[in-house]
Amino acid sequence: MAVQKPSIPKGTRDFGPYEMVRRNYIFNITRKVFGKYGYLPLETPAMENLSTLLGKYGEEGDKLLFRILNSGDFLSKVAPSEKSLLNSQKLLSQISEKGLKYDLTVPFARYVVQHRNEITFPFKRYQIQPVWRADRPQKGRYREFFQCDVDVIGSKSLLSEVELIQITDEVFSILGIDIKIKINNRKVLAGVAEMMGEAGQMMKITIAIDKIDKMGLEKVNEELLQSGIPQKAVDKLQPILMFSGGREEKLALLKNLLAGSEIGMKGVAELEQVFSYLSGLNIHSEVEIDLSLARGLNYYTGAILEVEAMNVKMGSICGGGRYDDLTGIFGLKDVSGVGISFGADRIYDVMLQLDLFPAGLEQTTQLLFVNFGEKEEEYCLKLLDGVRKAGISAEIYPDRVKMKKQMIYANNKNVKFVALVGENEMLEKKITLKDMVTGEQEKLTLDELVMKLK
RNA sequence: GUGGAUGUAGCUCAGUCUGGUUAGAGCACUGGAUUGUGGUUCCAGGGGUCGUGGGUUCAAGUCCCAUCUUCCACCCCA
């Protein structure tokens with residue numbers, strides 16, 4: 001058989017020990033903070049039935065789903081008339097019924113509905129797992145990446161929104177990343193569309209607001225007109241497009257503009273309530289109303305959140321929001337949820353760029369016993385046991401090879417101390433301990449060594 | 001999905017424009033200087049289907065086409 005060059009699929013990565021200790025550092029911190037706020041862990045399968053996934057993420061999302069081919073002779077059951085390439089959409093639905101999960105929120109909703117009788121509501125869970133998207137990879141975008149989700153489902157209280165902001169603030173403050181939390185509300189966006197007389201065009205309008213910084217007022221207006229929105233409606237949007245000012249002014253402007261829209265006013269009230277709760281708390285990060293924040297996932301109905309890192313160019317590192325009826329599709333009505341998702345891979349990239357990982361994360365072995373030979377091996381094995389029982393991570397070099405090789409091993413692995421036990425030490429019942437940083441060495445008893453390293 | 005760049009040793013890259021002996025460097029690796037001492041130094045050595053497939057040519061790492069990979073921008077997103 002010809003030797004083939006090993007490789008992994010586009011947009012996926014191996015995580016070596018260097019990456020893993022740093023990734024675990026992030027995961028451990030998020031887990032700890034989530035737990036502190038009363039969230040419990042959950043895991044769901046890597047794959048879901050396509051019926052669970054399709055239609056939840058918009059048209060774009062459906063395209064980005066990884067589909068899994070049915071097992072066995074998957075073509076045998078397809079009618080010959082549908083095997084033609086022209087029929088690919090129809091064909092696809094018959095040869096594939098499972099897909100890799102696209103996010104953690106939809107499988108979570110599925111779980112909640114399926115287990116509704118075992119769950120005590122409000123249900124607070126966190127979930128740290130990989131998700132897959134068939135996107136074209138680029139900076140900070142992977143086809144397999146990890147999300148750390150926290151959600152609370154079964155409560156409409158805005159305290160949950162506030163709690164998510166607190167969690168976000170705490171996690172990033174521990175990690176050392178300066179962030180800006182951007183908040184908006186789908187009800188406000190719906191109100192804006194309603195006020196323009198274009199209630200159905202909320203997404204189009206929001207995308208246009210989003211482009212104002214990049215393209216400028218004229219181009220945005222042009223694009224709106226081109227996409228079939230009448231001049232009269234576009235005119236009504238101008239105050240928002242041309243707006244500049246702080247949070248208070250923004251809220252005042254919205255109240256004024258959306259006075260005729262019940263849903264819009266509700267959204268504004270929600271925003272105000274959240275900020276009122278926040279005002280009494282000690283939040284380090286900047287929290288800003290961003291009217292251009294839309295978020296593509298079409299299950300959001302209330303607050304929407306996004307986090308971006310300051311001082312570094314990277315897409316959003318967190319995103320989330322409230323979904324009033326995600327469980328409705330699976331047959332459980334009137335259960336509102338809200339959650340936020342931490343993008344572990346982007347957070348990792350940001351921390352690497354800003355050099356925020358603490359030193360010494362990968363040091364595992366504190367002490368290495370050099371292997372001098374058969375008798376020494378046996379003797380060291382007992383010492384090793386004693387050292388480990390004292391809680392010190394230690395190992396013996398498994399092969400009786402040249403000392404130089406063993407020292408290089410210790411050095412490359414960042415082992416802090418090396419124990420040298422040969423004939424002399426065995427007679428004296430001592431251990432020669434070498435400090436790999438200073439190069440100094442001294443003869444100690446086992447007890448003295450344990451005291452020193454503990 | 002659209003547009004642009006990229007691919008040469010395990011890694012980072014030179015060589016490609018202007019085709020012509022045996023394709024180079026640094027790092028890493030192996031052995032030695034040093035048989036109980038690593039991280040510094042010195043010496044020696046191994047390692048390449050030049051991403052893959054096709055074409056042009058007396059001759060292709062170098063020119064042409066296709067394809068894949070990675071990266072960047074757009075779209076969208078974590």
Side-chain angles (χ1 to χ4, degrees), chain A residues 2-13 16 26 30 57-64 101-105 128-149 168 203 206-207 210-211 214-215 223 293-298 300 304-309 313-321 339-350 368-373 376 397 400-426 431-441 443:
Chain A
V3 178
Q4 51 171 335
K5 230 181 187 173
S7 66
I8 55 175
K10 193 189 206 136
T12 64
R13 296 147 300 153
I26 296 172
T30 51
Y57 309 107
E59 209 178 308
E60 193 77 14
D62 283 357
K63 271 191 236 160
L64 298 180
K101 66 179 173 225
Y102 179 92
D103 75 352
L104 301 179
T105 310
I128 301 178
Q129 286 194 270
V131 299
W132 294 267
R133 294 181 192 177
D135 224 337
R136 193 182 278 208
Q138 54 172 285
K139 190 184 179 70
R141 170 176 298 180
Y142 308 99
R143 289 185 147 185
E144 178 186 59
F145 60 98
F146 276 68
Q147 294 193 323
C148 314
D149 272 37
T168 305
M203 285 309 281
T206 311
I207 288 167
D210 182 39
K211 287 185 175 162
K214 277 185 209 162
M215 297 165 57
E223 203 175 281
L293 185 59
R295 301 194 51 75
L297 300 178
N298 55 9
Y300 289 126
I304 39 187
L305 292 163
E306 225 170 78
V307 174
E308 80 183 28
K313 206 183 160 226
M314 178 71 63
S316 59
I317 54 178
C318 271
I340 189 161
S341 175
F342 290 69
D345 307 81
R346 287 188 178 175
I347 293 170
Y348 175 94
D349 289 346
V350 167
L368 173 80
F369 281 85
V370 170
N371 190 331
F372 281 111
E376 291 88 343
Y397 196 88
R400 299 164 198 162
V401 296
K402 276 189 313 191
M403 191 162 165
K404 179 173 172 140
K405 199 172 159 116
Q406 303 190 38
M407 294 300 280
I408 291 173
Y409 172 82
N411 201 57
N412 289 347
K413 205 171 165 179
N414 261 320
V415 176
K416 195 122 189 278
F417 293 96
V418 168
L420 303 161
V421 184
E423 258 179 81
N424 296 339
E425 285 87 352
M426 279 164 63
I431 300 161
T432 297
L433 182 73
K434 182 184 172 86
D435 184 323
M436 290 297 280
V437 179
T438 63
E440 284 164 13
Q441 50 190 68
K443 277 192 183 173

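All heavy atoms count here, side chains included; hydrogens, waters and symmetry mates do not. In what follows, chains are A, B, ... by sequence order, proteins preceding strands, each numbered from 1.
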Discussion item. Between A:Gln138 and B:A73, is there a contact of a side-chain N or O with OP1 or OP2 at under 4.0 Å?
Written reply: yes
Check: A:Lys404 side chain, B:U37 base, donor-acceptor under 3.5 Å:
no
Per atom distances to the A:Asn412 side chain, the nearest of B:G38, B:C29, B:A78 is B:C29
Item to complete: May I ask you to say what A:Val437 touches in the nucleic acid, namely base, sugar-phosphate or nothing, with a heavy-atom cut-off under 4.0 Å?
Response: base
Q.
Suppose you measure atom C1' in B:A60 against the same atom in B:U21; what distance do you get, rounded to whole Å?
A. 15 Å
- Query: Just checking A:Gly61: base, sugar-phosphate only, or nothing, at a heavy-atom cut-off of under 4.0 Å?
  - Reply: nothing
Counting any heavy atom closer than 4.0 Å, what does A:Gly373 reach on the DNA or RNA strands: base, sugar-phosphate only, or nothing? nothing
- Query: Does a side-chain heavy-atom distance below 4.5 Å link A:Met403 with A:Val370?
  - Reply: yes
Whole-Å distance, A:Arg141 CZ to B:A78 P, equals 10 Å
Separation of B:C77 atom P from A:Asp103 atom CG, nearest Å, is 12 Å
Subject >> Interatomic distance at C1', B:G47 relative to B:U30, whole Å >> reply: 11 Å
Among B:A73, B:G38, B:C76, the one nearest any side-chain atom of A:Asp135 is B:C76
Requested in this report: Indicate, yes or no, whether a donor-acceptor pair under 3.5 Å links the base of B:G38 to the side chain of A:Asn411.
Outcome: yes
Less than 3.5 Å between a donor and an acceptor, one on the side chain of A:Gln441 and one on the base of B:U37, is that the case here?
-> yes
>> By the 4.0 Å heavy-atom rule, please label A:Lys10 as base, sugar-phosphate, or nothing.
In response: sugar-phosphate
By nearest-nucleotide position on RNA chain B, the 5'-leaning member of A:Leu64 and A:Lys139 is A:Lys139
Taken to the nearest 0.5 Å, the spacing of A:Arg346 CZ from A:Ile317 CD1 works out to 9.5 Å
Rounded to whole Å, the CD-P distance (A:Glu425 to B:U37) equals 13 Å
pair_partner(B:G3), Watson-Crick or wobble, both distances < 3.5 Å, evaluates to B:C72
To the nearest 0.5 Å, atom CG of A:Asp345 lies from atom CD of A:Gln147 at 9.0 Å
Note to self: Looking at A:Lys313, I'd like to know whether one of its side-chain N or O atoms comes within less than 4.0 Å of OP1 or OP2 on B:A73.
What the structure shows: yes
The reported gap from CH2 in A:Trp132 to OH in A:Tyr102 (rounded to nearest 0.5 angstrom) is 14.5 Å
Separation of B:C76 atom P from A:Ile304 atom CD1, nearest Å, is 14 Å
Output for pair (A:Glu308 CD, A:Cys318 SG), nearest 0.5 Å, gives 11.5 Å
From OH of A:Tyr409 across to P of B:C29 the rounded distance in Å is 15 Å
**Prompt:** So, does the side chain of A:Arg136 form a donor-acceptor pair with the base of B:C71 at under 3.5 Å?
**Reply:** no
In this structure, CZ of A:Phe145 is separated from CZ of A:Arg143 (nearest 0.5 Å) by 12.0 Å
Whole-Å distance, A:Lys405 NZ to B:C29 P, equals 10 Å
Inset, instruction - With heavy atoms under 4.0 Å as the rule, sort A:Gly319 into base, sugar-phosphate or nothing. - result: sugar-phosphate
Sugar-phosphate only, base, or nothing, as touched by A:Glu423 at under 4.0 Å among non-hydrogen atoms: base
| query | Donor-acceptor pair under 3.5 Å: do we get one between A:Arg133's side chain and the base of B:C77? | reply | no
Closest to the 5' end of RNA chain B, once A:Ile408 and A:Gly140 are matched to their nearest nucleotides, is A:Ile408
Please state the C1' separation for the pair B:A23 and B:G15 - nearest whole angstrom.
8 Å
- [ ] Give A:Tyr142 one of three labels, base, sugar-phosphate or nothing, depending on what nucleic acid heavy atoms sit under 4.0 Å from its own.
- [x] base
The Watson-Crick or G-U wobble partner of B:G19, with both key distances under 3.5 Å, is none
Worksheet item: When you check the phosphate oxygens OP1 and OP2 of B:G32, does a side-chain N or O of A:Lys402 lie under 4.0 Å from one of them?
Response: yes
Rounded to the nearest 0.5 Å, the CG atom of A:Asp149 sits from the CD1 atom of A:Ile340 at a distance of 9.0 Å
query = Side chains of A:Leu420 and A:Gln441: does their closest heavy-atom pair fall under 4.5 Å?
reply = yes
Across every strand shown, the nucleotide meeting Watson-Crick or G-U wobble geometry with B:G39 (both distances under 3.5 Å) is none
Query raised in the report: Which value, in whole Å, describes the distance between the P atoms of nucleotides B:G1 and B:U57?
Result: 36 Å
Worksheet entry | Cation over ring face, A:Arg400 and A:Phe372, 6.0 Å, 45° | no
A:Tyr57 atom OH is separated from B:A78 atom P, nearest whole Å, by 11 Å
Suppose you measure atom C1' in B:C74 against the same atom in B:U12; what distance do you get, rounded to whole Å? 30 Å
(Q) Need one value for A:Leu420: base, sugar-phosphate or nothing, where a base atom within 4.0 Å counts as base even if backbone is also close, heavy atoms only. (A) base
Inter-nucleotide P distance (B:G45, B:G24), Å rounded
14 Å
Inset, instruction - Please indicate yes or no: is the ring centre of A:Phe145 less than 5.5 Å from the centre of the six-membered base ring of B:A78, with the two planes inclined by under 30 degrees? - result: yes
A:Asn371 CG to B:G38 P, in whole Å, measures 17 Å
_By the 4.0 Å heavy-atom rule, please label A:Glu376 as base, sugar-phosphate, or nothing._
nothing
Scanning all shown strands, the Watson-Crick or wobble mate of B:G26 with both distances under 3.5 Å is B:C11
Open item on the list: If I pick the P atom on B:C76 and the same atom on B:A14, what distance separates them, to the nearest angstrom?
Closed with: 35 Å
| message | With rounding to the closest Å, how many angstrom separate the C1' atoms on B:C63 and B:C17? | response | 11 Å
**Message:** Once you apply a heavy-atom cut-off of 4.0 Å, does A:Gly58 come out as touching a base, just sugar-phosphate, or nothing?
**Reply:** nothing
In Watson-Crick or G-U wobble terms, with both distances under 3.5 Å, the base opposite B:U67 is B:G51
